[in-house]
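Here the structure is a predicted model, which means the values were calculated and not measured.
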Amino acid sequence: MFPVGDTVHPCSLCLRHLRSRTSEPNPKSRVRSGEKMRALIPEPRPGDLIEIFRPFYRHWAIYVGDGYVVHLAPPSEIAGAGVASVMSALADKAIVKKELLYDVAGKDKYQVNNKHDDKYLPLPPSKIIQRAEELVGQEVLYKLTSENCEHFVNELRYGVSRSDQVRDVVMAAGIAGVGLAAVGLIGIMFSRNKRQKQ
């Protein structure tokens, strides 16, 4: 149990009571991992974007209050599946689910990441939550490159559908392609130069 002031509060891990005892240096980027960290860091604010660090990608959710998030999950995923969210990359449909952040994150680290607040004006939290709650239970189209979980939460918070993960992968592929083309061109030039000298 955690003391609140000079007394022990009966809910022991109640984030609302711990909030008053903890300080938060950067509200835009609060990383959490493990039960001890989760208990000591205040919960996110309604409307915050939650970035969950899966082994090979980032999963995104939107915080709606009282420990819950709304996020996209493949139809077969169950609460607490954690890493099973990688299945969403293979599906063409997803279910909008409302689940406890603790269950969605599983053992993966997560953070509040409202990274586009400097580019786009966030909608009011009440509007974000209303829009998210209205979608819960619906089956929606899912495309890794244009309608993924990051597009979903950015649309809810900012009214702008975007995914930096997709942009970064496309840029990396483009750079790799240009690099391979340059290496091929250099190889051809050296080959011609060698033949001309003979």
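- H116 and Y158 have perpendicular rings, their planes meeting at more than 60° on a 0 to 90° scale where under 30° would count as parallel.
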Q. Stepwise, does the side-chain contact (heavy atoms from CB on, under 4.5 Å) test hold for I62 with L49?
A. CA-CA 5 Å; I62 195 134; L49 298 181; 3.7 Å; yes

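- Residues N113 and I50 have side chains not in contact (no heavy-atom distance under 4.5 Å, counting atoms from C-beta outward).
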Q: Decide yes or no on salt bridge (charged side-chain N to carboxylate O under 4.0 Å, His left out) for D164 and K115, but give the supporting numbers first.
A: CA-CA 10 Å; D164 294 341; K115 62 184 176 177; 2.9 Å; yes

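- Considering all non-hydrogen atoms of both residues, D117 and P122 come closest at OD1-CG, 3.4 Å.
- Using a distance-only test at 3.5 Å, with no hydrogens or angles considered, no donor-acceptor pair links the side chain of D108 to the main chain of I52.
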Q) Do H71 and C149 pass the side-chain contact (heavy atoms from CB on, under 4.5 Å) test, and can you show the C-alpha distance, the side-chain angles, and the key distance before you say yes or no? A) CA-CA 7 Å; H71 69 115; C149 57; 6.0 Å; no

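- The shortest distance between side-chain heavy atoms of P44 and L101 falls below 4.5 Å.
- Between V160 and K119 there is no side-chain heavy-atom pair separated by less than 4.5 Å.
- Of the possible donor and acceptor atoms, one in the side chain of D48 sits under 3.5 Å from a partner among the backbone N and O of R45.
- By the 4.5 Å heavy-atom criterion applied to side chains, R131 and E155 are counted as neighbours.
- The minimum heavy-atom distance linking N148 with S163 is given by the pair ND2-OG, 3.4 Å.
- Applying side-chain contact (heavy atoms from CB on, under 4.5 Å) to L123 and the options I128, I129, L156 leaves one that passes, I128.
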**Q.** Candidate pair F152 and V70, rule side-chain contact (heavy atoms from CB on, under 4.5 Å), full reasoning
**A.** CA-CA 10 Å; F152 176 74; V70 171; 4.1 Å; yes

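- To the nearest 0.5 Å, atoms CD (E51) and CH2 (W60) are separated by 4.0 Å.
- In terms of heavy atoms, G47 sits closest to N114 at O-OD1, 4.5 Å.
- Both tests hold for K98 against Y68: distance to the six-membered ring centre under 6.0 Å, angle to the ring axis within 45°.
- Within the model, atoms CG of L121 and CZ of R157 stand 9.5 Å from one another, a figure rounded to the nearest 0.5 Å.
- Shown here for Y120 and R162, the closest heavy-atom pair between the two residues is OH-NH1, 3.1 Å.
- Side chain of R58 to backbone of E150: no donor-acceptor contact under 3.5 angstrom is found.
- A donor-acceptor pair under 3.5 Å links the side-chain atoms of Y63 to the main chain of G67, judged by distance alone.
- Of all non-hydrogen atoms in G65 and P46, the two that sit nearest each other are CA-CG, 4.3 Å.
- When all heavy atoms of V153 and A61 are compared, the pair lying nearest together is CG1-C, 3.5 Å.
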